[in-house]
Amino acid sequence: MRIYPVRLLVLTPLSLALAAPAMAQTAPSPDPKTAAQSAPAAQSNQQGLLVFTPDFFASQQPVTALDMVSRVPGFSVVDGDGSRGFQGSVGNILINGSRPASKNDAGSDVLERILVAQVERIELVRGGAPGIDMQGFPVVVNVITRDQSSSQTIVTSDALLYEGGQNSYGGSWQFSAKNGDRTWGFTLSDGVIDNDSSGIGPVIRRSGAGDLLRDETYFRDQEGGETTLRVNYASPFLGGKIDLTARYGVNDFNNVNLQTAPTVRRETTYEEDGAFGEFGAVFTRPIDSRLTSEARFIHTFDAEDSVSLSRTRLNNVASPEQRFSTESESAETILRSLLRYEHSPRLSFEAGGELAYNMLETEQALSSGGVPVPLPSASVLVEETRGELFGKGAWRMRDNLSLEGGLRVEQSTLSQSGDADLEKDLSFIKPRLVATWTPIPNNQFHLRFEREVGQLDFNHFAASAQLQNENVLGGNLNLVPEQRWISELGYESRFWGDGVVSVVLRHDEISDAIDVIPLKDGLSATGNIDDGTLDQLTVNIQAPLDRFGFSGGRISASNTWNHSEVTDPTTGEIRPISDLRKSNATIVVAQDISSWNLQWNASWSPLLGETNYGPDLRFSWRGHDYFVGWVEYKPTPTLSLRAQINVWDDFYQTRIAYGDRLTRPVEYIETRSVDPRTYYSLRLRKTF
């Protein structure tokens with residue numbers, strides 16, 4: 001599920017080789033903090049920095065900075081992955097050389113608050129540039145805004161209309177203003193759940209011997225969303241600049257899963273509501289012409305209550321009702337400080353430290369027919385205190401060759417109290433090396449070698465239940481973060497002006513891989529399953545089609561192929577990592593028709609699917625032919641109307657249950673063929 005409006009960042013696969021004359025022009029590398037230079041719409045240089053002025057996007061009639069960034073050739077927005085602390089967790093978007101003040105104020109959200117008239121230029125930084133913190137990304141976008149005073153309002157209204165489901169409506173009101181060096185604004189939004197995977201279909205369950213156990217009709221529906229208020233303020237302060245952001249919101253979600261037959265009714269419901277908020281502050285101050293300090297404070301909190309019920313009636317006889325409830329509170333606090341020293345335009349250094357505190361307190365209860373059922377780790381308080389020291393340097397050895405190297409040293413204490421008490425100390429050394437080489441214009445290689453440590457989901461320390469799948473998970477006291485040694489080699493070539501082809505090869509050596517493990521008393525849990533590997537190939541291609549007579553048209557394609565291996569903790573056999581897609585391809589055809597003030601886009605995902613490997617249950621789903629098409633009409637520069645259709649052919653769910661964990665005889669095989677709902681979305685956006 002995801003909160004609408006959906007930002008469909010289409011990536012996609014074609015197996016073909018493209019070669020064409022380069023069309024970009026050479027230009028000097030601009031400082032990311034200076035005013036715009038007179039330049040063509042798109043410029044490049046040997047230092048790996050491409051400059052896009054508003055002229056480049058004129059035919060696309062963008063309304064916000066996000067519309068512009070989404071059309072930068074060869075760039076895909078990454079809003080962060082929730083990794084440990086701040087480093088690398090806030091994505092690949094910068095505004096005036098800096099990242100947002102909060103981990104949860106996504107770069108794409110900030111760009112949606114910036115109108116096109118405020119954008120001076122967009123820089124695509126490949127391999128680093130003076131004053132740019134790449135945070136390990138091989139490519140980032142830096143959006144430079146104008147200094148002129150202004151104010152603007154963006155009002156958006158959304159509707160999601162489902163065939164056979166509940167319609168949903170939402171919208172947002174955004175205001176921002178700038179007066180000299182001071183900016184402020186707010187966003188009030190009412191988002192709704194995108195309900196594309198609900199639907200109906202048959203459920204067939206057969207025994208391991210093939211005997212029919214169930215022949216029932218399946219129905220699933222869901223609704224929910226969140227209402228959020230965010231305020232932002234930035235101003236000169238104590239000889240530097242301070243950026244402040246705060247957010248508060250409430251959310252709700254509920255769904256129903258129903259299986260019926262003439263003498264059968266199986267119903268599970270889930271209801272959830274909660275509140276969340278955050279505060280972020282960043283203070284930057286130049287100490288002298290080369291040395292800059294930055295201090296950052298982030299605090300987030302989340303409170304959630306949920307109830308899941310399961311009711312079964314066979315031959316008019318009701319089975320005991322099962323009830324699973326959760327009350328939880330979580331929080332994260334980060335204090336980060338660094339010094340950045342620019343020795344020269346070719347050599348810079350950065351050093352600093354970070355302190356972080358994470359916590360989750362949860363109370364859970366399971367009952368059957370009103371009688372409590374004991375759960376391991378039902379009442380849990382999990383806390384982590386972490387400290388990190390880091391240093392890195394960026395060196396442009398030549399105009400076409402740059403190196404970035406860094407080292408982070410982390411020490412943390414992880415403790416758990418409640419139903420069980422446990423405390424352990426963890427330490428990790430995390431080196432990183434990134435090299436970028438541009439042997440000839442518009443052709444670039446990058447090499448990355450890095451150790452990453454994953455962020456633990458503290459919910460895995462506590463018990464949980466999936467009543468719709470008849471599955472109860474225990475908590476795991478011994479969970480530790482997953483670690484990966486990553487080796488990556490990438491190549492990018494630009495052609496025909498807007499054309500891009502990129503290929504990335506990646507290999508991960510995984511320690512303490514996180515998957516599903518067996519527990520005592522027939523339970524299972526999320527846990528560490530020792531070591532594993534991941535080999536990944538990603539191909540992205542984007543090509544303009546004007547030279548073929550398709551004016552304003554373009555085609556893009558991408559795919560990521562994954563091959564992983566871990567040792568199953570139950571069987572001892574080699575298998576893939578759970579919930580990792582082997583392939584995820586999409587092909588897109590789109591066109592800008594400037595004379596009609598119109599854009600359209602059509603995407604196709606031929607195959608989807610993944611598998612979860614449990615000690616007692618293997619669950620997989622497969623889908624194919626997922627189509628998304630949209631048309632956007634802009635009758636005036638300040639008004640846009642967009643209509644979209646999502647069509648998904650049937651997808652299939654398969655559950656294989658095993659009689660015991662030793663010999664693993666098949667107890668039953670259950671298949672669900674779900675006809676997901678076609679739905680339509682409408683958006684009206686007006687700027688003032």
Side-chain donor/acceptor of Gln166 to backbone N/O of Glu223, under 3.5 Å:
no
Donor-acceptor under 3.5 Å (Lys582 side chain, His563 main chain):
no
Distance-minimising heavy-atom pair for Tyr652 and Ser673
CE2-OG, 3.3 Å
I'd like to know if the side chain of Thr678 reaches the main chain of Val647, judged simply by a donor and an acceptor atom lying under 3.5 Å from each other, with no hydrogens or angles considered.
no
Between Glu452 and Arg448, does at least one N-O distance fall below 4.0 Å, as a salt bridge requires?
yes
Verify ring pair (Phe, Tyr, Trp, His ring centres under 6.0 Å) between Phe688 and Trp173, making sure each step is shown before the conclusion.
CA-CA 11 Å; Phe688 303 90; Trp173 176 24; 10.0 Å; no
Under 3.5 Å, is there a donor-acceptor pair linking the side chains of Tyr626 and Asn646?
yes
Pair Asn601, Val631 - check side-chain contact (heavy atoms from CB on, under 4.5 Å), show working.
CA-CA 7 Å; Asn601 180 297; Val631 177; over 6 Å; no
Are side-chain heavy atoms of Val141 and Leu94 found at a separation under 4.5 Å?
no
Minimum heavy-atom distance Val203-Arg672, with the two atoms named
CG2-CG, 3.6 Å
What is the distance from atom CZ of Phe619 to atom CG of Asp579, rounded to the nearest 0.5 Å?
9.0 Å
Taking every non-hydrogen atom, the tightest pair across Ala65 and Val119
CB-CG2, 3.8 Å
Could you walk me through whether Arg683 and Glu632 pass salt bridge (charged side-chain N to carboxylate O under 4.0 Å, His left out), step by step?
CA-CA 9 Å; Arg683 185 188 72 187; Glu632 186 164 7; 2.9 Å; yes
OG/Ser493 to CZ/Phe445 distance, rounded to the nearest 0.5 angstrom?
9.0 Å
Distance alone, cut at 3.5 Å: any donor-acceptor contact between the side chains of Lys686 and Thr638?
yes
Are any of the side-chain heavy atoms of Leu608 and Arg581 separated by less than 4.5 Å?
yes
Working to the nearest 0.5 Å, report the span between OG1 of Thr538 and CG of Asn559.
8.0 Å
Can you label the angle between the Phe548 ring and the Trp496 ring as parallel, tilted or perpendicular, going by 30° and 60°?
perpendicular
Quick check against the 3.5 Å criterion: does Asn562 have a side-chain atom that pairs as donor or acceptor with the backbone of Gln536?
no
Any side-chain donor-acceptor pair under 3.5 Å between Asn584 and Thr560?
no
Side-chain (Arg494) to main-chain (Pro73) donor-acceptor, under 3.5 angstrom:
yes
Taking all atoms of both residues into account, what is the closest heavy-atom pair of Gln599 and Gln60, and its distance?
NE2-O, 3.0 Å
Evaluate whether atom CD1 of Ile200 has more than 12 neighbouring non-hydrogen atoms of other residues, nucleotides or ligands under 6.0 angstrom away.
no
To the nearest 0.5 Å, atom OG of Ser150 lies from atom NZ of Lys178 at 7.5 Å
Is a side-chain N or O of Arg146 found less than 3.5 angstrom from the main chain of Ala117, in a donor-acceptor match?
yes
Say whether Asn257 and Tyr218, considering side chains only, have a donor N or O and an acceptor N or O under 3.5 Å apart.
yes
Verify whether one side chain among Asn612 and Glu610 offers a donor that lies under 3.5 Å from an acceptor in the other.
no
Can you tell me which residue pairs pass the salt bridge (Lys or Arg N to Asp or Glu O under 4.0 Å) test with a partner in residues 673-682, sequence neighbours excluded?
Asp221-Arg677
Using only atom types and a distance under 3.5 Å, with no angle test, would you say the side chain of Asp515 pairs donor to acceptor with the backbone of Ser578?
yes
Measure the OG1-CD1 distance between Thr145 and Ile114 for me, rounded to the nearest 0.5 Å.
6.5 Å
Full working for side-chain contact (heavy atoms from CB on, under 4.5 Å) between Glu492 and Asn443
CA-CA 6 Å; Glu492 177 189 277; Asn443 290 267; over 6 Å; no
Could you tell me whether Arg121 and Asp55 make a salt bridge, using a distance below 4.0 angstrom between a side-chain N and a carboxylate O?
no
Non-hydrogen side-chain atoms of Ser502 and Tyr491 separated by less than 4.5 Å
no
Taking all atoms of both residues into account, what is the closest heavy-atom pair of Phe57 and Thr53, and its distance?
CD1-O, 3.6 Å
With a 4.5 Å cut-off on side-chain heavy atoms, are Ile93 and Val140 touching?
no
Is the closest basic N to carboxylate O distance between Asp508 and Arg484 below 4.0 Å?
yes
Going by atom types alone, do Ser172 and Asp190 pair a side-chain donor with an acceptor below 3.5 Å?
no
Please determine if Arg642 and Asp158 form a salt bridge, counting it only when a charged side-chain N lies under 4.0 Å from a carboxylate O.
no
Taking atom types as modelled, is there a side-chain donor on Gln653 or Glu670 under 3.5 Å from an acceptor on the other?
no
Rounded distance (nearest 0.5 Å) linking atom OG of Ser640 with atom CG of Leu684
7.0 Å
Is it the case that more than 12 heavy atoms not belonging to Trp621 sit under 6.0 Å from its CH2 atom?
yes
Treating Glu488 as the side-chain partner and Val504 as the backbone partner, does any N or O pair qualify as donor plus acceptor under 3.5 Å?
no
side-chain contact (heavy atoms from CB on, under 4.5 Å) for Ile154 and Leu115? Distances and angles first, verdict last.
CA-CA 9 Å; Ile154 306 175; Leu115 291 178; 3.4 Å; yes
Lys/Arg-Asp/Glu bridge criterion (N-O < 4.0 Å) met for Asp592, Arg554
yes
Are any non-hydrogen side-chain atoms of Arg618 and Thr611 less than 4.5 angstrom apart?
yes
Can you find a side-chain donor-acceptor pair between Asp625 and Trp604 that sits under 3.5 Å?
yes
Is there side-chain contact between Asp67 and Gln61, with heavy atoms separated by less than 4.5 Å?
no
Is there a donor-acceptor contact under 3.5 Å from the side chain of Asn142 to the main chain of Ser98?
no
Please lay out, stage by stage, how Arg506 and Asp535 fare under the test side-chain contact (heavy atoms from CB on, under 4.5 Å).
CA-CA 6 Å; Arg506 170 171 165 166; Asp535 293 297; over 6 Å; no
Taking Asp650 first and then Arg622, would you say they form a salt bridge - that is, a charged N and a carboxylate O separated by under 4.0 Å?
no
Could you walk me through whether Thr438 and Gln444 pass the side-chain hydrogen bond (donor to acceptor under 3.5 Å, both in side chains) test, one step at a time?
CA-CA 4 Å; Thr438 309; Gln444 187 175 87; 3.1 Å; yes
Using a 4.5 Å cut-off on heavy atoms from C-beta on, say whether the side chain of Tyr679 contacts that of Leu161.
no
In short, Thr533 meets Ile577 closest at the heavy-atom pair O-CD1, 4.4 Å
Is the side chain of Asn255 donor-acceptor paired with the backbone N or O of Gln222 at a distance under 3.5 Å, no angle test?
no
Do Val501 and Asn540 come close enough that some side-chain heavy atom pair is under 4.5 Å?
no
